[in-house]
Every structure is written in C-alpha cells, then in structure tokens.
Amino acid sequence: MNIILLGAPGSGKGTMAQKLTGELKIPQISTGDIFRKNLKEETPLGLQIKDILNSGGLVPDEITIQIVRDRLAEPDCADGYILDGFPRSIVQAEALDKFQHIDCAINLDVDKQTIVARLSGRRFCPDCSGTFHVSSLADASVCPVCGGKLITRKDDSEETVLERLRVYESTTLPLIEYYEQRGKLITVNGTGGVEAVYRRILDVLHK
Ligand code: AP5
Ligand code: MG
C-alpha cells in the first residue's frame with residue numbers, strides 16, 4: 001500500500017509513520033529526516049538547504065521531487081511505503097502522481113494549541129531519527145531506543161514553528177482538497193494520545 005501522511009507540523013506524522021512502518025512492514029520515507037541527515041553530515045545538499053530548514057521555509061520543489069523519486073525507486077519500496085512530509089505543495093503532488101500510484105492520503109487533523117504544545121516538548125534523536133515528547137521520557141536527554149543523545153530540533157523554536165505553520169497554511173493545506181477531489185483523502189482526528197490516534201488510523205486502513 002502506498003500511503004501519504006498529511007498534516008501540519010507537529011500533527012504526529014513522524015510518530016504515526018514510525019508505528020505504521022513496524023506494523024505494515026513497509027518503509028517510512030520522511031523528507032524531513034532525509035534533509036536533517038544531509039544537514040548533520042554536511043553534504044553539499046545539507047549545506048545548500050541549511051538556512052531553509054532552520055528558518056522553516058520549504059526546500060525547492062525540484063530538489064525535493066528528485067530525492068523522493070530516487071528513494072521510491074529503491075527495492076524496499078516495491079511493496080509499498082509511507083510518505084511522511086511529502087508532498088507539501090500542489091507541484092509536488094502533481095509530480096508524484098506522474099511517477100507513482102497513491103492509494104490514500106491520511107490527514108491528521110490537530111488544532112493549533114495542541115500542535116504548539118507538542119512541538120515545544122519534542123525531543124529528536126539524530127542517530128536513529130526517533131521522535132519523543134518530554135512528557136513520556138524518563139530521561140529527556142537519552143534516546144530510549146538507541147541510547148543516543150536527544151536534542152531539541154532547531155526548527156522547534158517558537159519563531160520558526162510559527163513560520164512553519166504559516167508555510168503549511170499557504171502551501172500545504174491545499175493538498176487536502178487535492179486528494180479529496182481524487183477520492184483519496186481520509187481525515188483522522190489526530191488529537192488524544194499516541195495509541196488512540198494510531199488505533200484510528202489502523203481502523204481506517206482496515207476498511
Ligand atoms: P518535517 O521534518 O517533515 O517537519 P514538519 O512537517 O514540520 O513536521 P514535524 O516533523 O515537525 O511534525 P510531525 O507531524 O512529524 O509530528 P511528530 O510525530 O514529530 O520537515 C522539516 C523541514 O524539512 C521543513 O520545515 C522543510 O524545511 C523541509 N521539508 C521537509 N519535507 C519537505 C518537502 N516535501 N518539501 C519541501 N521542504 C520540505 O510529533 C510532534 C511531537 O508530538 C513529538 O514530540 C511527539 O512525541 C508528539 N506526539 C505525536 N503524536 C502525539 C499524540 N497523539 N499525543 C501526544 N503527543 C504526540
Ligand atoms: Mg516529522
């Protein structure tokens with residue numbers, strides 16, 4: 001199954017994709033994780049996109065589309081994948097439709113107040129890309145999965161979160177209508193605990 005996870009920054013795309021990837025045995029393709037890895041390793045791409053990521057803007061469509069196109073052509077995507085954070089613009093969605101068949105786009109519906117609370121407490125593991133919330137960590141500095149050192153993402157500062165939400169509303173929100181018109185949109189209530197949201201997603205996927 002080829003699944004897209006849609007939703008605002010902090011809506012839980014990465015958290016749900018990580019759980020789904022274990023259950024469905026298909027890979028999570030997170031453009032944000034791919035970009036952060038390049039940033040960490042200071043690759044030419046990483047250096048090119050550093051300022052964009054840190055300010056909350058979007059990496060140019062042509063770069064992002066090419067990366068996803070190459071990634072989805074790898075053998076582990078042959079039986080399906082979960083796209084987390086792509087597409088993020090109509091241009092990206094139209095490009096994706098030209099080279100892939102998408103089964104459904106699951107939109108995680110979360111209010112702004114919840115988003116801000118989630119992002120202000122998020123911790124990220126640069127080693128395994130694990131994403132956590134301080135409220136569920138015994139030690140907020142150590143990754144419970146791989147033992148790596150947890151960090152606060154640079155783009156989780158208040159100013160950058162507001163910019164990411166602004167970019168989401170202007171450029172990414174129109175994708176809801178795009179997938180609705182194509183009969184592929186499934187909206188899921190993204191509020192409540194991690195397990196509750198995950199159950200809702202599994203329920204709609206089983207239908
Ligand atoms: P990206 O990494 O995709 O960031 P984002 O869309 O802003 O989304 P987030 O990762 O912030 O949130 P999420 O929905 O994954 O929520 P999470 O599961 O972490 O992109 C980063 C940057 O890369 C972009 O700003 C852009 O510059 C660039 N980029 C990426 N893709 C691009 C593209 N296609 N085109 C152009 N540029 C691109 O959850 C958040 C927190 O909430 C965590 O702490 C988590 O533990 C907690 N949480 C999650 N669910 C629940 C729940 N149900 N209950 C309680 N807590 C929860
Ligand atoms: Mg994410």
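Please read these numbers as outputs of a predicted model, since none were measured by experiment. Counting starts at 1 for both ligands and their atoms, in listed order. Side chains included, hydrogens not; waters and symmetry mates left out as well; all remaining heavy atoms used. Throughout, numbering of the chain's residues begins at 1 and tracks the sequence.
- The pair Asp76-Arg71 meets the salt-bridge criterion, with a side-chain N (NZ, NE, NH1 or NH2) lying under 4.0 Å from an Asp/Glu carboxylate O.
- Because its NZ or CZ atom is not both nearer than 6.0 Å to the ring centre of Tyr179 and within 45° of the ring axis, Lys184 does not count as a cation-pi partner of that residue.
- Shortest non-hydrogen contact noted between Arg182 and Asp97 is NE-OD2, 4.1 Å.
- Each of the atoms 53 (N) of ligand 1 lies under 4.0 Å from some heavy atom of Val197.
- By the 3.5 Å distance cut-off applied to N or O atoms, Leu119 is not counted among the residues near ligand 1.
- Taking CD from Gln66 and CG from Leu45, the interatomic distance works out to 12.0 Å, rounded to the nearest 0.5 Å.
- When hydrogens are left out, the protein atom nearest atom 49 (C) of ligand 1 is Thr15 OG1, 3.4 Å; that is the closest non-hydrogen contact.
- Of the polar atoms of Gly192, at least one N or O is found under 3.5 Å from an N or O of ligand 1, judged by distance alone.
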Exercise for the section: May I have the step-by-step check of side chain to side chain donor-acceptor pair (under 3.5 Å) for Thr187 and Asp109, ending in yes or no? Expected result: CA-CA 7 Å; Thr187 295; Asp109 188 23; over 6 Å; no
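- Those atoms of ligand 1 with a heavy atom of Arg36 less than 4.0 angstrom away are 2 (O), 21 (C).
- Checked against a 3.5 angstrom limit, the closest N/O atoms of Asp156 and ligand 1 fall outside it.
- Here Arg122 pairs with Asp156 in a salt bridge; the nearest charged N to carboxylate O distance falls below 4.0 Å.
- Of the polar atoms of Gly12, at least one N or O is found under 3.5 Å from an N or O of ligand 1, judged by distance alone.
- Considering both main-chain and side-chain atoms, Gly10 comes within under 3.5 Å of ligand 1 through a nitrogen or oxygen pair.
- The shortest N or O to N or O distance between Asp155 and ligand 1 is not under 3.5 Å.
- An N or O contact shorter than 3.5 Å links Gly57 to ligand 1 by distance.
- When non-hydrogen atoms are compared, ligand 1 lies under 4.0 Å from the backbone of Val194 as well as from its side chain.
- Heavy-atom minimum distance, Ala140 versus Val134: CB-CG1, 4.0 Å.
- Donor-acceptor pairing under 3.5 Å is recorded for the side chains of Tyr81 and Gln100.
- Of the polar atoms of Lys13, at least one N or O is found under 3.5 Å from an N or O of ligand 1, judged by distance alone.
- Protein heavy atom closest to atom 30 (C) of ligand 1, with residue, atom name and distance, is Arg88 NH1, 3.4 Å.
- Of the options Leu58, Leu39, Asp155, Thr160, a side chain to side chain contact (heavy atoms under 4.5 Å, CB included) to Leu53 is made by Leu39 and by none of the others.
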